[in-house]
Amino acid sequence: MQLVVRVESGDRTSTFKIQVGDGRKSFKWLALAAAQRFGSESPKGKLRQRERKFPCTNPANTNLVPSRCYTEDQDFFHPDALLVEQLQDGDHLTVEVAPRF
């Protein structure tokens with residue numbers, strides 16, 4: 001089973017295809033995996049003089065945590081609910097993330 005997950009944080013948005021096996025994983029697992037993949041996209045280290053600036057809303061040394069998970073049809077999923085019970089292969093899901101302070 002593969003899902004298309006759109007991750008939003010402020011003005012920044014990315015879309016990922018995430019393999020979830022047979023779907024016997026929770027929405028909490030999926031949201032945390034999407035947040036981790038989204039956070040690892042931003043560059044690390046010092047910006048050198050000629051490098052293009054990356055529009056990053058994530059302050060340095062913060063972790064991103066999921067704050068909301070929804071689809072076009074349903075605006076809430078219980079974190080412990082299984083993916084296979086609510087979604088089908090190829091479905092689109094949006095995860096909003098925020099920095100943890």
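Nothing here was measured: the structure is a model prediction, and the numbers come from that model. Quick note: numbers below take in every heavy atom, side chains included, and nothing from hydrogens, waters or symmetry partners.
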Pairwise distance CG(L3) to NZ(K25) - rounded to 0.5 angstrom: 11.0 Å
Between OG1 on residue T15 and CD on residue E8, distance to nearest 0.5 Å: 9.0 Å
Side-chain heavy atoms of D75 within contact of R68, under 4.5 Å: yes
Residue pair L64 / S9: nearest heavy atoms and the distance that separates them: CD2-OG, 4.5 Å
Separation between CG of L83 and NZ of K28, rounded to the nearest 0.5 Å: 13.5 Å
Check: D89 and Q2 side chains under 4.5 Å, non-hydrogen atoms: yes
Minimum-distance pair of heavy atoms, taken over all atoms of P66 and V95: CB-CG1, 4.1 Å
Contact check, side chains of F38 and V97, non-hydrogen atoms, under 4.5 Å: yes
Donor-acceptor contact below 3.5 Å, side chain R12 vs main chain V7: no
Straight-line distance of F76 CZ to Q74 CD, nearest 0.5 Å: 9.0 Å
Rounded distance [0.5 Å steps], NZ in K17 versus CD in Q19: 9.5 Å
pair V65-L32: side-chain heavy atoms closer than 4.5 Å: no
Gap between atom CZ of F16 and atom CZ of R6 - 0.5 Å precision: 12.0 Å
Whether S67 side chain and A98 backbone form a donor-acceptor pair below 3.5 Å: no
Joint cluster assignment, M1 & L82, ILVMFWY side-chain distance < 4.5 Å: no
Any side-chain heavy-atom pair of V84 and D22 under 4.5 Å: no
Derivation and outcome, side-chain contact (heavy atoms from CB on, under 4.5 Å), residues D91 and T71: CA-CA 9 Å; D91 279 354; T71 62; 6.0 Å; no
Geometric class of the F77/F27 ring pair [parallel <30°, tilted 30-60°, perpendicular >60°]: parallel
